[in-house]
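All values below were derived from every heavy atom in this structure, side-chain atoms included, with hydrogens, water molecules and symmetry-related copies excluded.
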Amino acid sequence: MSQGLTDVLVEWKCLEEEYQQLQETHRMYLQKLDEISKLQNNFSSSISHQRKRLKETSHLVKKFAYKDEYEKFKLCSTVILLLFSFICYFFANYRFFDAILNFLLVWYYCTLTIRESILITNGSRIKGWWVFHHYISAFLSGVMLTWPDGSLYKIFRNQFLAYSLYQSFVQCLQCYYQSGCLYRLRALGERHNMDVTVEGFQSWMWKGLTFLLPFLFFGHFWQLFNGLSLFRMAQLPDFKEWQVLMCGLCFLILFMGNFFTTVAVVRQKFKSRNQKPKSL
């Protein structure tokens, strides 16, 4: 074999080895490129996930803030209604001031229904009778607002103002007690962070509630007394205002809803407490 052909074969072999190295380098390059692409995708996914979590957290913070604002609104409004009822009952014996009180009651309950619908959408567990209760209370206050200043209104006025004063006082007690219960249960992780204080008696509020139950039941029976008083007024000879029967019906609905709901919750709680030793 000539020397030239030998050199060509040697050169070809070197080229073949270099080609194999280039193929291996290219394979490693593609592998690293694929790994980099996967890292880029994972990194992009992580960034998107973090942005989503940040947005959700910001949204939750805005919801916890709205809930706290709702609690402050409820407590402040209840105190204002308490003071205004006190003024109307003891000092301002004028229909104009009564109309302002009833207008405040309409505004208060209507605002509660709007705020609570937003809270329910965001996860609050406000449901059942207590949602319907606010609609009935708003309607009742609106009817009282339209009641003309006549003999029948004057007969019922002091009774209604005393009832409003008492209800505002009990609601202040409830707000203080229920907010304390919610704070403790949220700290223990036993209640949803979007839960709020509501009027009435809930099953999770049992512990330490003994002092509140008499106030609640007294208020329920006062509603019954108001309803019966209004129906008796409808039998008087000078009866002519439709507001008498309508208010009486509203008070009876409030009494039945409040009373039977409270009794049902108390009964359920007693039943669950009696069943606990058996499960042990």
Side-chain angles (χ1 to χ4, degrees), residues 62-63 65-122 124 126-149 153-154 156-176 178-179 194 196-200 216 219-220 222-223 226-227 230 241-244 246-255 257-258:
K62 290 180 180 179
K63 290 197 298 184
Y66 189 83
K67 175 192 65 63
D68 292 337
E69 184 182 340
Y70 164 85
E71 299 289 355
K72 292 178 182 178
F73 162 79
K74 187 175 180 181
L75 181 59
C76 293
S77 299
T78 303
V79 172
I80 293 173
L81 291 172
L82 174 67
L83 295 176
F84 209 88
S85 299
F86 181 83
I87 293 173
C88 289
Y89 185 79
F90 290 101
F91 301 106
N93 189 10
Y94 300 101
R95 184 67 179 88
F96 174 74
F97 288 96
D98 296 350
I100 294 177
L101 174 62
N102 289 309
F103 176 79
L104 289 175
L105 287 170
V106 173
W107 170 80
Y108 170 69
Y109 284 114
C110 289
T111 306
L112 275 186
T113 57
I114 295 173
R115 286 174 175 261
E116 287 173 355
S117 64
I118 298 174
L119 289 169
I120 292 172
T121 303
N122 290 322
S124 291
I126 310 172
K127 57 183 180 179
W129 160 249
W130 305 118
V131 177
F132 186 64
H133 171 273
H134 290 159
Y135 288 98
I136 297 296
S137 299
F139 179 76
L140 171 63
S141 301
V143 175
M144 288 294 301
L145 181 62
T146 62
W147 195 343
D149 187 15
Y153 176 82
K154 292 178 180 178
F156 186 68
R157 177 184 183 273
N158 287 338
Q159 181 176 330
F160 175 75
L161 290 177
Y163 163 79
S164 298
L165 182 62
Y166 178 81
Q167 282 294 101
S168 298
F169 169 72
V170 174
Q171 288 175 12
C172 287
L173 291 180
Q174 286 179 283
C175 286
Y176 176 77
Q178 294 171 1
S179 60
M194 284 301 293
V196 296
T197 62
V198 294
E199 295 182 23
L216 292 175
H220 299 342
W222 199 335
Q223 291 169 343
N226 287 341
L230 288 167
E241 291 97 353
W242 60 269
Q243 290 88 349
V244 176
M246 192 60 65
C247 289
L249 180 61
C250 291
F251 274 117
L252 289 182
I253 294 175
L254 289 175
F255 162 73
N258 290 334

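- Using a 4.5 Å cut-off on side-chain heavy atoms (C-beta onward), Lys74 and Tyr108 make contact.
- Here the closest heavy-atom approach between residue Ile136 and residue Cys250 is recorded as CG2-O, 4.0 Å.
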Requested in this report: Kindly indicate, with the supporting measurements, whether the criterion side-chain contact (heavy atoms from CB on, under 4.5 Å) is fulfilled by Leu254 and Trp129.
Outcome: CA-CA 10 Å; Leu254 289 175; Trp129 160 249; 4.2 Å; yes
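- Here the straight-line distance linking atom CD of Gln159 with atom OG of Ser164 works out to 10.5 Å at 0.5 Å rounding.
- With contacts defined as side-chain heavy-atom distances shorter than 4.5 Å, the pair Asn258/Trp130 qualifies.
- One finds the CG atom of Leu105 at 10.5 Å from the OG atom of Ser77 (value rounded to the nearest 0.5 Å).
- Sorted by first and then second residue, the side-chain hydrogen bond (donor to acceptor under 3.5 Å, both in side chains) pairs involving residues 86-97 (not counting sequence neighbours) are Asn93-Arg157.
- For Gly219 against Tyr163, the heavy-atom pair with the smallest separation is O-CE1, 4.3 Å.
- In this structure, the separation between SG on Cys88 and CG on Asn158 is 11.0 Å, given to the nearest 0.5 Å.
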Query - From CA spacing to verdict: side-chain contact (heavy atoms from CB on, under 4.5 Å), Phe156, Trp147 - result: CA-CA 11 Å; Phe156 186 68; Trp147 195 343; 3.8 Å; yes
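- Using cut-offs of 30° and 60° for the angle between ring planes, the Phe90 and Phe86 rings count as tilted.
- When side chains are defined from C-beta on, Phe96 does not count as touching Asp149, because their heavy atoms never get closer than 4.5 Å.
- The aromatic rings of Tyr166 and Trp222 lie tilted to each other, with the angle between the two planes from 30° to 60°.
- Considering every non-hydrogen atom in both Cys247 and Val143, the closest pair reads SG-CG1, 3.4 Å.
- Taking OG1 of Thr111 as the start and NE2 of His134 as the end, the distance is 11.5 Å to the nearest 0.5 Å.
- Annotation for Phe73: atom CZ counts as buried by contact number, over 12 foreign heavy atoms lying within 6.0 Å.
- The side-chain heavy atoms of Thr78 and Leu82, taken from C-beta on, include no pair separated by under 4.5 Å.
- For the atom pair CG (Leu145) and CG (Leu140), the distance works out to 11.0 Å, reported to the nearest 0.5 Å.
- In this model, no donor atom of one side chain and acceptor atom of the other lie less than 3.5 Å apart for Gln243 and Tyr153.
- Looking at Ser85 and Leu161, their side chains never come closer than 4.5 Å, going by heavy atoms from C-beta outward.
- Side-chain contact between Leu249 and Leu230 is absent, with no heavy-atom pair separated by less than 4.5 Å.
- The distance from the CG atom of Leu252 to the CD atom of Gln223 is 10.0 Å, given to the nearest 0.5 Å.
- Using a 4.5 Å cut-off on side-chain heavy atoms (C-beta onward), Thr146 and Trp242 make contact.
- Under the 30°/60° scheme for interplanar angles, the aromatic rings of Phe251 and Phe160 are found to stand perpendicular.
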Query raised in the report: Hey, mind stepping through Phe97 and Phe84 against side-chain contact (heavy atoms from CB on, under 4.5 Å) and telling me if it holds?
Result: CA-CA 9 Å; Phe97 288 96; Phe84 209 88; 4.2 Å; yes
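- Nearest heavy atom pair, residue Glu241 against residue Pro148, reads CG-CG, 3.7 Å.
- Residues Leu165 and Phe169 form no side-chain contact, since every pair of their non-hydrogen atoms from C-beta on lies 4.5 Å or further apart.
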